[in-house]
Structure formats: structure tokens, C-alpha cells
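Basis for what follows: all heavy atoms, side chains included, without hydrogens, waters or symmetry-related copies. As the structure is a prediction and not an experimental result, all values here were calculated from the model. Just so it is clear: chains get the letters A, B, ... in the order the sequence lines come, proteins before strands, and each one is counted from 1.
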There are 2 protein chains.
Amino acid sequence: MVGIDEVAERARVSTATVSRALSGRGYVAEGTRARVHEAARELGYVVSAGASALASGRTRNVGVVVPFLSHWFFAAVVEGAQSALQEHGYDLTLYNLSGGADARARVFDDLLLRQRVDAVLAIGLELTPEEAGRLHSLRKPVVGLGGPLPGVPALGIDDRAAVRLATEHLISLGHERIGYIGGSADFDLDFHLPTMRQLGYRDALTEAGIEIDPKIERGADFTLRGGNDAAKQLLGAPRNRPTAIVAASDVMAIGAILAARELGLNIPSDLSVTGLDGIPDGEFFGLTTVAQYPAEQGRHVAQLLIDRLAGLVEDPAPDTASARLENGVAPAATSPTAGPALARELPVELIVRESTARPRP
Amino acid sequence: MVGIDEVAERARVSTATVSRALSGRGYVAEGTRARVHEAARELGYVVSAGASALASGRTRNVGVVVPFLSHWFFAAVVEGAQSALQEHGYDLTLYNLSGGADARARVFDDLLLRQRVDAVLAIGLELTPEEAGRLHSLRKPVVGLGGPLPGVPALGIDDRAAVRLATEHLISLGHERIGYIGGSADFDLDFHLPTMRQLGYRDALTEAGIEIDPKIERGADFTLRGGNDAAKQLLGAPRNRPTAIVAASDVMAIGAILAARELGLNIPSDLSVTGLDGIPDGEFFGLTTVAQYPAEQGRHVAQLLIDRLAGLVEDPAPDTASARLENGVAPAATSPTAGPALARELPVELIVRESTARPRP
DNA sequence: CTGAAAGCGCTAACAT
DNA sequence: ATGTTAGCGCTTTCAG
């Protein structure tokens with residue numbers, strides 16, 4: 001591996017100047033700068049991440065923690081974050097919690113503490129107070145996406161408003177008997193979104209003066225089959241069958257559409273269906289949905305971190321954050337930088353396709 | 001951050017002993033060992049990755065390069081690799097090539113050269129000779145999964161045999177008019193699997209003495225819609241319609257199943273369909289398929305790398321690898337360690353479900 | 001604007 | 001089995 005002194009020699013400057021020229025910190029004459037870059041290029045020199053990290057305290061690496069990857073949403077977020085980070089010369093080290101409790105503990109007790117990362121992005125996570133404490137003890141920027149993080153600034157879509165929007169769409173079409181397929185209680189442990197989404201559905205009904213009927217609210221597991229099973233329950237009733245179904249995710253909505261077909265119901269004349277997510281296959285099924293944009297969300301949140309890192313000034317008073325945390329109070333912003341408050345709500349969009357229409361008269 | 005000397009002090013030993021006790025290299029008395037661990041735990045000490053890497057040359061980090069993440073297969077492989085690595089205390093730094101040519105160049109020209117990783121896992125990639133050269137110049141273990149890598153040992157399923165197996169299943173059921181939905185030429189640039197899979201289909205037909213009819217071979221793009229469109233072409237013909245379809249992926253197979261339903265054909269009595277992949281939703285659709293196991297593949301390949309890293313001895317003679325590479329010859333094993341040859345073929349399994357049956361008499 | 005030199009926090013000989 | 005010590009390759013004062 002060619003080192004910095006070889007570059008220095010070739011460019012006829014000191015190693016200090018090479019470092020400055022290549023990292024862009026400190027003054028370097030334009031000519032010198034060019035010579036250094038030229039020399040580095042010719043030699044194929046790339047700084048050693050470890051040495052640079054040790055000397056500077058900056059790793060140019062961001063840790064991204066996800067509950068699992070095998071889900072469109074998380075994969076897309078990571079991909080988005082990745083591309084934003086990569087553009088700025090940051091690497092992305094992935095931590096996955098799907099390996100069970102041990103793996104999870106390891107991530108929070110060891111891996112994240114190794115000083116391998118400058119910042120942490122926590123995606124779709126619900127942290128325990130201990131885990132949040134560990135994260136805080138890093139004294140590094142941490143931001144969350146799509147999960148409630150105690151004491152950590154977090155972004156996400158407004159799940160409640162999103163489902164409400166879908167439901168309102170159906171109501172505005174004239175539907176009054178609207179079923180709901182949401183998450184079962186199990187899922188509420190990891191994400192609170194099931195609850196939030198259900199509330200959004202109820203909000204819309206209530207506001208429109210439609211009575212809530214728990215009999216046409218079903219829990220499922222966010223899979224195709226789950227949505228399909230739930231829909232069959234909803235649609236199988238001989239009378240007073242819903243004319244529309246709001247599903248808490250696109251995948252479940254598609255399951256519902258397939259269920260309707262199996263039962264000989266026509267979409268949308270016999271049944272309207274809405275989803276939430278905006279997955280690529282939604283278009284194929286003509287699914288009306290409230291789309292969110294995970295790749296953009298990932299980019300956005302990564303960019304936020306990059307900005308913080310760039311403007312990083314000083315640590316806050318040593319004990320403020322943890323003290324607040326112990327009291328169970330989530331301060332508005334607990335990151336090392338006193339940046340502007342985060343825009344909490346990420347955009348969603350109602351996409352009307354062929355799965356919704358006026359109910360039969 | 002608490003450092004190694006604080007631990008040394010507390011355990012009343014030297015820093016060298018702390019290092020040995022914690023890393024497990026070199027002799028340490030059992031009692032000392034315990035004291036050190038205890039002290040480290042009490043202080044919440046974790047080695048600094050950067051310092052350790054600089055001093056030892058080992059980063060305990062593996063780079064994983066994927067073309068993109070937004071596909072079941074890649075996400076599952078990464079998840080599998082992740083868990084194996086994590087169990088052994090390795091981190092996983094992800095490099096994503098989906099950002100276009102610039103991103104791709106950056107990965108090979110800078111990011112991988114930063115000495116941030118001990119080894120590289122290249123998934124589903126077809127590298128240019130330059131890229132392969134860069135990888136080689138790292139002088140680090142590199143293994144590929146599911147993509148032809150010039151000069152790099154690579155594992156993968158036998159795509160040709162897999163599709164052949166599916167086709168043979170249909171033939172054994174009595175089908176003789178069997179259509180094929182594969183990848184279009186565009187896709188062949190990145191993965192060669194479309195071609196290989198098509199050859200497998202033809203192999204089976206030829207061996208059974210069935211004539212190949214290019215009119216019932218269709219290219220598609222590995223999406224639901226692509227499979228659906230292609231199937232409609234195949235099934236729309238008024239006469240001499242295939243009684244079975246082999247699809248080169250589960251997603252396309254599902255597209256075909258939905259196409260059949262739309263056309264009023266019954267599965268499997270009017271049409272049998274097979275896929276390839278073993279995606280979770282396959283079961284819901286009753287899809288007969290040849291399953292592969294990406295998570296296990298990822299684990300396997302990660303484990304391979306870990307073993308190499310553990311047994312790492314010496315670099316091979318400086319120029320052997322690159323010389324061979326320049327000649328365009330792919331040696332059996334070009335990794336620094338002269339390990340046993342890799343088992344190239346990863347397992348697949350025919351899973352028979354409800355989408356296949358004997359053709360109507 | 002550039003150079004000299006002191007580390008960053010750890011590991012690995014080499015001693016003992 | 002444990003301690004001493006010299007770096008690992010860079011960044012960053014501090015001078016000039």
C-alpha cells in the first residue's frame with residue numbers, strides 16, 4: 001500500500017501538506033494542491049481509513065441499524081441512505097437486529113461502541129431505555145426514521161394522517177361501510193404504527209359521522225396471506241358486507257384484492273380497496289394507495305446526519321442528555337449539535353388508481 | 001471514551017496483557033484474563049476499531065458489494081452474511097452499485113481501497129477486468145456469490161441445472177408443449193443467469209426429445225408485470241397453446257399465474273407453472289418452484305471468508321494473481337490463502353405445490 | 001501557505 | 001505468563 005510520504009515525496013511537499021490538500025482542511029496554494037492530487041492519483045494513493053480515524057477522530061462512516069432487511073421498506077431506506085452517504089464519501093456500516101436478542105445486545109453493547117462510526121441512523125426501531133442510553137453515550141449524532149426513539153430526534157411519515165387520508169378518499173367516494181385490515185397486537189411491540197394507522201382510520205369515520213364497527217376491523221401480519229385471510233373474513237359475511245376496505249399496507253391490500261377475486265367480487269364495482277406504502281407492484285394491481293418514499297426518506301435522513309457532522313461543533317454539557325433520559329423525558333433535540341428542530345413529518349401522497357370507485361348505488 | 005490503560009490500571013496489569021486478554025491472542029493466565037474482562041466490563045471499555053486496525057492491520061470488517069438492495073435475493077443474502085459476520089464479531093460495510101457509473105467507480109477506486117475492510121464479498125456482480133484488478137490489488141480475500149467474477153472464486157447455484165429440474169418435473173408429468181419466460185437480453189449484461197436458465201430449459205426439452213419452439217420462449221424483466229405480459233402472449237394464441245410454463249423467477253411465475261386467471265384458465269388443470277427462487281409468497285400462490293436459499297448462501301459465503309481470515313498466513317507470490325488475470329485466465333483459487341477449492345454449487349430444491357399437475361388428456 | 005513533530009489508542013515483538 | 005517499547009499511517013498544533 002502506498003503511503004502518504006510517498007505522495008509527499010513525489011509532490012515535493014511535506015506529509016502535512018498532502019493531508020491538507022487531500023482532505024480539504026486548511027490552506028493550501030492552488031498549485032500545490034493540484035500537484036498533490038496529481039501525485040496521489042499517479043500513485044493510486046487512498047488514505048488509510050484506520051489511520052485517519054485514529055488521528056482525526058473522524059471515521060467517515062455512518063452506522064445504520066435496521067430490524068431486518070428483508071422488507072421493501074427497509075431495503076429502500078438503506079439504499080437511499082447509502083447513496084446520499086456515498087456521494088459525500090461516507091461509508092455505511094450496517095447493523096441488523098434480526099438475529100435475535102443476542103445479536104441485538106451485541107450491536108448495542110459492542111459494535112456501536114467500537115468507534116467505527118461518526119453517527120448512527122436508527123431505522124424502524126423501538127429502543128429500550130438502555131439501548132437509547134447506549135446510543136446517547138456515544139456522544140454522536142443519532143437520528144431515527146420511522147420509529148419512536150426515546151430521546152432521539154426522529155423523522156417519519158404521519159401514519160395516522162396517512163390512513164386517514166385513504167379513508168377519507170373512500171368516504172368522499174360515497175362509501176359508508178368501510179372495513180379495516182391493520183396489524184395485530186404482536187406487531188405493535190416493534191412499531192407503533194399499527195395503532196396509529198388504526199386511529200387514522202377511525203378518525204376519518206368519526207369525523208364523517210360514521211359509526212365505528214369493530215367487527216369489520218381485522219388484525220393481520222402485514223403479509224399477502226394475512227391480508228388475504230383477513231379480507232375473506234370481512235367479505236365472507238352474508239350480509240352487510242363492507243363496500244370498501246382500508247388496508248394498513250399495500251401488501252395486505254393486494255391480499256385483499258386477490259381475496260375479492262377469489263370470492264367473485266369485482267374490484268372496484270363490488271369492493272374498493274386502499275393500501276399504504278406505494279410499493280412498485282401496486283401499479284400492476286391498480287391499487288389506490290397512500291405512497292411514502294423510503295428511498296427519499298433514507299437520503300433525507302442521511303443528509304441530515306452529514307450536515308450535522310459537517311457543522312459539528314462541541315459536545316453539549318456532559319450530563320444533560322442522560323439526566324433527561326433517566327427521567328423518561330424525551331427532549332426535542334438531544335444531538336450534540338444544537339441544530340434546528342427536525343421537520344418531523346415526511347411527505348406521503350394519495351395515488352388514485354383503479355381499485356377504488358363509488359360504491360354501487 | 002475509556003481507554004485501554006484505564007482497564008490495565010484497574011486490572012493491575014499492563015496494556016499488553018489487556019490487549020491479549022481481550023483479543024484472545026497470546027497467553028494469559030485464566031485468573032488474569034477474568035480480572036481484565038471484569039475490569040473492562042465495569043468500565044464499559046470497548047476497543048477502538050481504528051486504533052486496533054492501525055496497529056494490527058486487521059479491521060474486523062468485511063465489505064459487501066451488491067448491485068442493489070431492493071430485491072428479495074440481495075437483501076436476504078446480505079442478511080445472512082450479516083448474521084454470520086456479526087456472530088464472529090465482524091462488522092459489515094455495505095457498498096451499493098445502484099447509484100450509477102459514478103457511484104460504481106467510486107466504490108472500486110476509493111472506498112474499497114481505504115483499508116476499511118479485511119475481505120470483500122461481491123454479490124451478484126459482473127465485474128469489468130479493471131474492477132477485478134482493483135479488487136485483486138487489495139491483496140485481501142475476495143469471494144463472489146451468484147455472479148461470474150473474473151479471477152475470483154465464486155459460489156452460486158447452478159442456474160442451468162435448476163431450470164432444467166423444473167422443466168423435467170413438467171415433462172415427467174406428461175407435458176410436451178412447455179413455454180418459457182426468461183430474461184430479456186438487457187438483463188444478460190449484469191447477470192448471465194438469463195442465458196444459463198434458458199439453456200437449462202432447452203436441455204430438458206432436448207433430452208426428452210421435444211422440439212424447441214422459439215415462439216413459446218419469451219423475454220421479460222423479472223417483474224410481476226413482465227411475467228404477466230409474457231404469459232399473456234404465450235397463452236393468448238388461439239391454438240397450440242402451451243400446457244405449461246417455466247418461468248425463470250418466482251415473481252414472473254406469479255405474474256403468469258395471474259395472467260392465466262385473467263384469461264379464465266384454471267391452474268393447474270389448464271396450465272401448469274413453475275418458478276425459480278423460493279420467495280416467501282410462493283407458498284401463498286401454491287407455486288411449484290425450485291427454491292434457492294439466499295440467506296444460507298450469504299451465511300455460507302461469509303463463513304468462508306471468516307475461515308480464511310482466521311487462517312490467513314501469507315500473501316501469495318506478488319505477481320501471480322495479476323499475471324493470470326491479465327491473461328484472462330480465471331484460476332481456481334486466487335485468494336491469499338491456499339485454501340481448499342470452493343464447492344461451486346449451492347443447493348436448490350424442487351418444491352412441488354399446486355401450480356403443477358398432469359396436463360388434461 | 002508550508003513544515004516539523006507530537007501524538008491518536010492500540011498491538012506485537014522482544015524481553016524477562 | 002506478563003511487561004516494555006516501538007511503531008501502525010495519518011492529522012494537527014505550533015512555528016515560521
> Taking for each residue the nucleotide of DNA chain D with the nearest heavy atom, is it A/I4 or B/T17 whose nucleotide lies nearer the 5' end?
Replying inline: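 So the residue in question is B/T17.
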> When you match B/A29 and A/S48 each to their closest nucleotide on DNA chain D, which lands nearer the 5' end?
Replying inline: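 The residue mapped nearer the 5' terminus is B/A29.
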Just checking [X]: base, sugar-phosphate only, or nothing, at a heavy-atom cut-off of under 4.0 Å?
{"X": "B/V18", "answer": "nothing"}
{"X": "A/R20", "answer": "base"}
{"X": "A/T32", "answer": "sugar-phosphate"}

In this structure, how many angstroms lie between the [atom2] atom of [N] and the [atom1] atom of [X], rounded?
{"X": "A/R12", "N": "C/dG3", "atom1": "CZ", "atom2": "P", "value": "11 Å"}
{"X": "B/D5", "N": "C/dT11", "atom1": "CG", "atom2": "C1'", "value": "13 Å"}
{"X": "B/Y27", "N": "C/dA12", "atom1": "OH", "atom2": "C1'", "value": "15 Å"}
{"X": "B/Y45", "N": "C/dG9", "atom1": "OH", "atom2": "P", "value": "10 Å"}
{"X": "B/L54", "N": "C/dA12", "atom1": "CG", "atom2": "P", "value": "12 Å"}

>> Between A/V120 and A/L138, is there a side-chain heavy-atom distance shorter than 4.5 Å?
In response: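 Answer yes - side chains close enough.
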>> Under a plain distance cut-off of 3.5 Å, with no hydrogens placed, do B/T93 and B/N61 share a side-chain donor-acceptor pair?
In response: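 Yes, side-chain donor-acceptor contact under 3.5 Å.
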> Taking A/S19 for the side chain and A/T15 for the main chain, is one N or O donor matched with an acceptor at less than 3.5 Å?
Replying inline: no
> Donor-acceptor pair, A/T32 side chain versus A/V28 backbone, under 3.5 Å?
Replying inline: no
> Which nucleotide of DNA chain D is the first, and which the last, in the 5' to 3' direction, to come under 4.0 Å of a heavy atom belonging to chain B?
Replying inline: D/dA1 to D/dG9
> Are B/E131 and B/R104 ion-paired here, with the side-chain N under 4.0 Å from a carboxylate O?
Replying inline: yes
> If you measure from the Lys or Arg side-chain nitrogens to the Asp or Glu carboxylate oxygens, is any gap between A/E38 and A/R33 under 4.0 Å?
Replying inline: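 Between A/R33 and A/E38 there is no salt bridge, as every charged N stays at least 4.0 Å from the carboxylate O atoms.
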> Can a side chain N or O of B/S52 be found less than 4.0 Å away from OP1 or OP2 on C/dT11?
Replying inline: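 The answer is yes; a side-chain N or O of B/S52 sits under 4.0 Å from OP1 or OP2.
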> Any idea which of C/dT11, C/dA5, C/dA12 is nearest the B/R58 side chain?
Replying inline: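 Of the candidates, C/dA12 comes closest.
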> Between A/Y90 and A/D118, is a side chain to side chain donor-acceptor pair (under 3.5 Å) present by the stated rule, with each step listed?
Replying inline: CA-CA 10 Å; A/Y90 279 86; A/D118 291 335; 4.7 Å; no
>> Pick the closest DNA chain C nucleotide for B/R25 and for B/A51 by heavy atoms, then say which residue is nearer the 5' end.
In response: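 Checking each residue's closest nucleotide, the 5'-ward one belongs to B/A51.
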